[in-house]
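Counting starts at 1 for both ligands and their atoms, in listed order. Start at 1 with the first residue, then count along the sequence.
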Amino acid sequence: MYERLHACLKGLGFNDFRGKQKEAITAALQGNDCLVLMPTGGGKSLCYALPAVITEKLAVVVSPLIALMQDQVSNFNRRGINSDYFCSTRTEKERAAIMRGLQTATSDLRLLFVTPETFSSEQLLEHLRGVYTAGRLALVAIDEAHCISSWGHDFRPAYRRLSSIRRELPRVPIMALTATATKQVQDDIVQIPCCIVYTLKRETADEVANCLNAKGVCAAAYHAGLRDADRSRVLERWSSGQIPVVAATIAFGMGIDRACVRLVAHLNLPKTLEGLYQESGRAGRDGLPSRSVLFYDVDDRERMDWILSKEQGRKRKKGASSACGDAAVDRGQQAFYRVVNYCVAEQCRRTMLLAHFGERLSVPCSGCDWCLDRKKVSQQLSQLALEGPKKVRERELSFGGRGFVAYGHNQDNSDDNNEIESVKGDSDDEDAMLAAAEATRKAAKRSQAAGPGPSSQAAMFRELESAEQRYNNSKEATAGHKGELLLRKLESKQAAPAAKPVLGTAPVSDTMREAGALRILEALRRSAAGQGMEDVHLAAAARVMEQGCYGSSASKPVYLSKLAHCSTEAKSIGTWGREGRSGQAWYDAGSPSHH
Ligand SMILES: Nc1ncnc2c1ncn2[C@@H]1O[C@H](COP(=O)(O)OP(=O)(O)OP(=O)(O)O)[C@@H](O)[C@H]1O
């Protein structure tokens with residue numbers, strides 16, 4: 001190959017390569033991306049021209065200035081390299097001629113200069129995709145690449161959109177060239193945004209990667225079912241920016257430290273909030289805004305619930321000492337219910353997540369879905385509650401502004417059986433346990449340091465939610481006294497073995513009452529959504545209702561029972577009119593001035 005390179009160089013009138021020209025040209029010919037940093041007049045243009053000449057393919061060169069493009073086109077044409085430029089100043093006829101040329105298999109156009117704006121235009125992209133698919137695209141060069149970086153002296157927003165090259169033309173080598181890039185700018189240029197899609201099952205990770213590739217998004221699967229060498233290769237290619245998307249199980253978690261992860265999508269519900277936190281923590285490590293998208297639906301919830309209950313059965317069968325085994329299993333399910341609560345609660349996600357780890361949000365959140373659009377989230381949750389489980393799903397992931405269907409499949413019991421096998425036996429799950437244990441250890445340390453405070457309120461809140469959930473889930477809960485029994489059962493389970501309180505006498509703390517009022521308020525808000533009730537009235541009503549639950553001498557179990565009943569009532573406030581009951585009585589019960 002080197003003889004050919006030199007022969008080609010000689011053909012262009014040069015005796016030898018300058019600086020790192022040869023390395024840059026070789027990288028492109030081998031299909032690798034590279035950043036070419038050379039001084040002004042150092043000979044950067046030869047780096048993208050020679051690969052096109054030698055392969056007899058087309059190189060697209062993104063350049064910021066039309067005058068500069070015209071100059072380069074005439075220089076190259078003088079040297080016998082067929083070049084042209086495509087931008088808004090060309091006439092319709094000229095552009096049509098260029099596009100026709102691109103469609104021609106025998107086209108001898110070697111260099112096509114475009115502005116970043118025209119590169120992203122659908123008109124040109126359509127033809128470039130054709131050239132790429134036909135295997136006639138040698139590379140895409142980004143000249144004056146410092147314009148990509150907002151740290152650069154010449155930042156140009158349209159350059160930022162060039163990250164779509166990887167999506168549109170997944171395997172084409174990209175060569176970024178500049179003479180003026182500080183270390184910070186260089187880092188920014190090579191950080192092509194990337195994404196991780198987390199799935200519960202290995203097969204789903206494979207499925208997602210295949211599906212993305214079929215849609216033109218370069219992706220690979222990563223899970224514990226792959227051979228070590230394959231896993232290393234995926235990691236290496238992802239780390240070097242050759243593959244922007246990895247679809248992975250939790251095996252792709254600890255130690256993954258890439259600065260430019262802009263999106264983490266959790267396609268299935270994680271088992272714990274620690275798991276969710278661990279997965280989300282792969283994004284935004286450079287401090288730039290990034291997204292963590294968690295998909296929640298009733299199918300997933302039920303499936304995970306089922307998996308956890310099967311695990312419980314298995315552990316029991318194995319003869320684990322029942323007290324210890326039950327406690328561990330119960331903890332597992334409780335942890336999962338916290339994930340569910342995190343999804344369905346109508347409050348700030350960041351506050352909830354931080355509270356779980358004993359921390360408090362120091363600045364107002366303006367990034368989670370709830371804080372961005374409460375009404376929309378409320379509507380979506382109500383919709384979800386109405387719809388219930390679906391048999392067939394199709395999910396839309398949004399990636400760089402273009403939607404694609406990630407996957408859709410049937411969920412039947414045989415699938416669930418496979419699930420259990422894969423979850424119980426694979427090391428992905430072991431990785432997840434390790435990650436969760438580590439996160440829990442850190443959180444415990446932090447909350448110890450923080451002392452009592454909002455975290456204890458959050459814990460109370462969760463306790464109330466879980467009491468209410470069990471109350472509602474149980475058929476027994478239809479009768480008040482039976483519900484009380486059930487909640488007592490829950491109480492006895494949750495109490496620490498050494499200091500188990502005497503049932504019926506455990507006092508109700510102020511923190512619990514505070515959380516109780518919030519719980520009712522949340523239920524009221526949900527049922528009042530769209531009915532024009534003011535929040536301040538609801539808060540007052542919630543206080544009055546909570547006071548009613550507390551009564552004069554409420555013990556904890558009785559209080560919990562009444563509160564669960566009350567929350568259920570509050571949720572059905574919207575249906576009272578139809579049933580001939582007066583929701584208005586509650587609504588008017590408290591005066592705003594009490595709040
Ligand atoms: N290997 C080489 N041997 C001799 N001359 C070369 C070689 N490579 C490039 N040149 C010449 O060096 C000059 C500058 O090259 P080029 O325009 O590619 O520089 P550049 O790095 O793109 O500069 P700028 O940053 O100003 O755009 C040109 O006249 C070109 O012909």
**Report entry** Candidate list Thr199, Thr249, Asp206, Thr204, test side chain to side chain donor-acceptor pair (under 3.5 Å), partner His223, passing option
**Finding:** Asp206
Report summary line: In short, side-chain hydrogen bond (donor to acceptor under 3.5 Å, both in side chains) pairs touching residues 43-54 with sequence neighbours left out are Tyr48-Gln72
Dump all N/O pairs between ligand 1 and the protein below 3.5 Å as a table: atom names plus distance, one pair per row.
{"residue": "ligand 1", "atom": "1 (N)", "partner": "Asp16", "partner atom": "O", "Å": "2.8"}
{"residue": "ligand 1", "atom": "1 (N)", "partner": "Gln21", "partner atom": "OE1", "Å": "3.0"}
{"residue": "ligand 1", "atom": "8 (N)", "partner": "Gln21", "partner atom": "NE2", "Å": "3.0"}
{"residue": "ligand 1", "atom": "12 (O)", "partner": "Arg18", "partner atom": "NH1", "Å": "3.1"}
{"residue": "ligand 1", "atom": "18 (O)", "partner": "Lys44", "partner atom": "N", "Å": "3.3"}
{"residue": "ligand 1", "atom": "18 (O)", "partner": "Ser45", "partner atom": "N", "Å": "3.0"}
{"residue": "ligand 1", "atom": "18 (O)", "partner": "Ser45", "partner atom": "OG", "Å": "2.3"}
{"residue": "ligand 1", "atom": "19 (O)", "partner": "Gly43", "partner atom": "N", "Å": "3.2"}
{"residue": "ligand 1", "atom": "21 (O)", "partner": "Gly42", "partner atom": "N", "Å": "3.3"}
{"residue": "ligand 1", "atom": "21 (O)", "partner": "Gly43", "partner atom": "N", "Å": "3.1"}
{"residue": "ligand 1", "atom": "21 (O)", "partner": "Lys44", "partner atom": "N", "Å": "2.9"}
{"residue": "ligand 1", "atom": "21 (O)", "partner": "Lys44", "partner atom": "NZ", "Å": "2.8"}
{"residue": "ligand 1", "atom": "23 (O)", "partner": "Gly41", "partner atom": "N", "Å": "2.8"}
{"residue": "ligand 1", "atom": "25 (O)", "partner": "Lys44", "partner atom": "NZ", "Å": "2.7"}
{"residue": "ligand 1", "atom": "31 (O)", "partner": "Arg79", "partner atom": "NH2", "Å": "3.4"}

Query raised in the report: Are the aromatic ring centres of Trp238 and Phe252 under 6.0 angstrom apart?
Result: yes
Query raised in the report: Where is the tightest heavy-atom contact between Leu294 and Pro270, given as atom of each residue plus distance?
Result: CD1-CD, 3.7 Å
Requested in this report: Name all residues meeting the side chain to side chain contact (heavy atoms under 4.5 Å, CB included) criterion together with Asp16; count only those two or more places apart in sequence or in a different chain, and write none if there are none.
Outcome: His6
**Report entry** Set of salt bridge (charged side-chain N to carboxylate O under 4.0 Å, His left out) partners for Glu126, sequence neighbours left out
**Finding:** none
